[in-house]
Number of protein chains: 2
Amino acid sequence: MKKSLTPSLLLDEQLCFALYAASRRMTAAYRPLLDALELTYPQYLVMLVLWERDGLTVSELGERLQLDSGTLTPLLKRLQQAGLVGRRRRQSDEREVEISLTETGSKLRERAAEVPRCLAEKLCMSVDAFTHLRDELKKLATQLASPTDPTSH
Amino acid sequence: MKKSLTPSLLLDEQLCFALYAASRRMTAAYRPLLDALELTYPQYLVMLVLWERDGLTVSELGERLQLDSGTLTPLLKRLQQAGLVGRRRRQSDEREVEISLTETGSKLRERAAEVPRCLAEKLCMSVDAFTHLRDELKKLATQLASPTDPTSH
DNA sequence: GAAAATTATATTGTGCACAATTAAATTTGA
DNA sequence: TCAAATTTAATTGTGCACAATATAATTTTC
């Protein structure tokens, strides 16, 4: 069984494309469920973070989700427009903008609780396979995030 | 060792977020390499397809990459602007637009050959691990693409 | 305590993604 | 044959991503 050591340019052999395609499929699978909550997928992720810990700043949210202010600022303004979050400058440091759940935003969590359940059903995966794949992806992301280290060969 | 059977809303437990974050990291890892070729990541994917088989229509490219014409049309116009591809209506069916590599586009393949090599180096993964993760992601995408089947429980 | 450096968010611009609609060419079928 | 249905791209509009820059507040340093 030959294993190529010279990485090819064939689309179907690329890890990057499998990842890219799977990620878009995942977002598409969430879409009908999130439509019911009137959330986009990235907005849903922001809400997940806030449901865990309310009152984070924009940069704290960005650190958690690995998104910058150019993405988050307009997204958060849309969530504010939708009445799900409030935004106000911190007294202690006026540069920071604190994002807080409104009562509506807080209550949305109950309706969101079934979203992961619906997805899990669609996945038809064992808990072990789910956990393993998730952790492999986390390792991959960590590896990709590390600056190229020329000492490692 | 307890394994939760009730899917949680915690960000770090989500497969979807691990996938989303890893995919963006992967694109970010390609960016410096593709900048040298003056290609974006989706443009690179289109080139991979064309290097395998030239003269595909827009919809054939879309089928391969799972992208629609709203994404591909402007992207292909930019590749045309960059002198990498040509676009012309087919004589046999004027509805179809055939995308063909220019000589410049064709030659770019040689410079692109080192891109997967650079990435492979950064990944620090065995060929087996690489192949396994890639195939797991393909299976995941397939599973997510299937219409929800209520008979499956 | 004021200038310089740093930090945090916002703004601008480009390029995807994708839904929805439109337009044009081709195929089908009564 | 010719009207209806289908197919294929293109267009339009919204919402991310992210680089680059701007703006404003705070901290540091002298």
Side-chain angles (χ1 to χ4, degrees), chain A residues 16-17 19-32 34-35 38-47 56-82 85 87-99 141 145, chain B residues 16-17 20-32 34-35 38-47 56-63 65-82 85 87-99 141 145:
Chain A
C16 72
F17 177 63
L19 187 56
Y20 168 78
S23 179
R24 284 187 298 117
R25 283 271 188 222
M26 181 66 87
T27 303
Y30 272 88
R31 194 164 295 119
L34 296 181
D35 278 351
E38 295 184 279
L39 289 174
T40 65
Y41 179 68
Q43 287 168 11
Y44 170 69
L45 294 180
V46 167
M47 295 302 286
L56 295 178
T57 64
V58 174
S59 61
E60 285 166 337
L61 275 169
E63 201 174 324
R64 200 85 170 76
L65 298 168
Q66 298 298 311
L67 293 169
D68 72 4
S69 71
T71 300
L72 285 175
T73 296
L75 184 156
L76 291 168
K77 284 182 177 174
R78 281 185 284 269
L79 286 180
Q80 182 181 37
Q81 209 65 34
V85 308
R87 304 163 63 244
R88 66 167 177 284
R89 300 261 166 203
R90 281 216 174 136
Q91 285 183 352
S92 57
D93 188 334
E94 292 267 345
R95 292 171 304 182
E96 299 180 325
V97 172
E98 183 175 311
I99 308 299
Chain B
C16 72
F17 178 63
Y20 168 79
S23 178
R24 284 187 299 117
R25 283 272 189 222
M26 180 69 84
T27 302
Y30 271 89
R31 194 165 296 119
L34 296 181
D35 279 351
E38 295 183 280
L39 288 175
T40 65
Y41 178 69
Q43 286 168 11
Y44 170 70
L45 294 180
V46 167
M47 295 303 285
L56 295 178
T57 64
V58 174
S59 61
E60 284 166 338
L61 275 169
E63 200 173 324
L65 298 169
Q66 297 298 311
L67 292 170
D68 72 5
S69 71
T71 301
L72 285 174
T73 295
L75 185 157
L76 291 168
K77 284 183 179 173
R78 282 186 284 270
L79 286 180
Q80 181 181 36
Q81 209 66 34
V85 307
R87 302 162 65 244
R88 66 167 176 284
R89 300 259 164 204
R90 281 216 174 134
Q91 286 182 351
S92 57
D93 188 334
E94 294 266 346
R95 292 170 303 182
E96 299 180 325
V97 172
E98 184 175 309
I99 308 299

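Letters A, B, ... are given to chains in the order of the sequence lines, protein chains preceding strands, and every chain is numbered from 1.
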Legend entry - Nearest-0.5 Å distance, NZ of residue A:K77 to CG of residue A:L72: 12.5 Å
Inset, instruction - Please tell me which of A:Q43 and A:E94 maps to the more 5' nucleotide of DNA chain D, matching each residue to the nucleotide holding its nearest heavy atom. - result: A:Q43
Inset, instruction - Find the distance B:Y20:OH to C:dA17:C1' and express it as a whole number of Å. - result: 12 Å
Inset, instruction - Taking A:R24 for its side chain and B:Q66 for its backbone only, find out whether a donor-acceptor pair lies under 3.5 Å. - result: yes
Legend entry - Under-4.0 Å salt bridge between A:E94 and A:R89: no
Legend entry - From A:Y30 atom OH to A:L45 atom CG, the distance as rounded to the nearest 0.5 Å: 8.5 Å
Inset, instruction - Mind running a 4.0 Å heavy-atom check of residues 70-79 of chain A against DNA chain D and sending the residues that fall below it, in number order? - result: A:G70, A:T71, A:L75, A:R78
Legend entry - side-chain N/O B:S59 vs D:dA9 OP1/OP2, d < 4.0 Å: yes
Inset, instruction - Quickly work out the A:R90 CZ to C:dT7 P distance and round it to whole Å. - result: 17 Å
Inset, instruction - For the pair A:R88 (side chain) and A:V97 (backbone), establish whether a donor and an acceptor sit closer than 3.5 Å, ignoring hydrogens and angles. - result: no
Inset, instruction - Give the rounded distance in Å between these two atoms: CZ of B:R24 and C1' of C:dC16. - result: 14 Å
Inset, instruction - Any chance you could measure B:R78, atom CZ, to B:T40, atom OG1, to the nearest 0.5 Å? - result: 7.5 Å
Inset, instruction - Using a 4.0 Å heavy-atom cut-off across all strands, classify A:T27 as base, sugar-phosphate, or nothing. - result: nothing
Inset, instruction - Calculate the interatomic distance between B:D35 atom CG and D:dA20 atom P; express it in whole Å. - result: 9 Å
Legend entry - A:R95 (side chain) and C:dT7 (base): donor-acceptor pair under 3.5 Å: yes
Inset, instruction - Check the angle between the aromatic planes of A:Y41 and B:Y20 and answer parallel, tilted or perpendicular using the 30° and 60° thresholds. - result: perpendicular
Inset, instruction - Let me see the working for A:D68 and A:T71 under side chain to side chain contact (heavy atoms under 4.5 Å, CB included), right down to the final yes or no. - result: CA-CA 6 Å; A:D68 72 4; A:T71 300; 3.4 Å; yes
Legend entry - DNA chain D: 5'-proximal contact among B:D93 and A:D68 (nearest heavy atom): B:D93
Inset, instruction - Starting at atom CD1 of B:I99, determine the distance to atom C1' of D:dA10, rounded to an integer number of angstrom. - result: 12 Å
Legend entry - Dot-bracket pairing map - DNA chain D, Watson-Crick plus G-U, both contacts under 3.5 Å, | cross-strand: ||||||||||||||||||||||||||||||
Inset, instruction - Supply the atom-to-atom distance A:L19 CG to A:M26 CE, rounded to the nearest 0.5 angstrom. - result: 11.0 Å
Inset, instruction - Taking all non-hydrogen atoms of both residues into account, name the closest pair between B:A141 and A:A22 and its distance. - result: CB-CA, 4.0 Å
Inset, instruction - Indicate, with a heavy-atom threshold strictly under 4.0 Å, whether A:S69 touches base, sugar-phosphate, or nothing. - result: base
Legend entry - Spacing of B:Q80 atom CD relative to D:dA9 atom C1', expressed in whole Å: 14 Å
Inset, instruction - Respond yes when some side-chain nitrogen or oxygen of A:R87 is under 4.0 Å from OP1 or OP2 of C:dA10, and no when none is. - result: yes
Inset, instruction - Would you mind reading off the distance between A:L67 atom CG and D:dG15 atom P, rounded to a whole angstrom? - result: 16 Å
Inset, instruction - Please report, rounded to the nearest Å, how far the C1' atom of D:dT26 is from the CD atom of A:Q91. - result: 16 Å
Inset, instruction - Could you tell me whether the phosphate oxygens of C:dG15, OP1 or OP2, come under 4.0 Å of any side-chain nitrogen or oxygen in B:T40? - result: no
Inset, instruction - Output yes when at least one side-chain N/O atom of B:R31 is less than 4.0 Å from OP1 or OP2 of D:dA19, else no. - result: yes
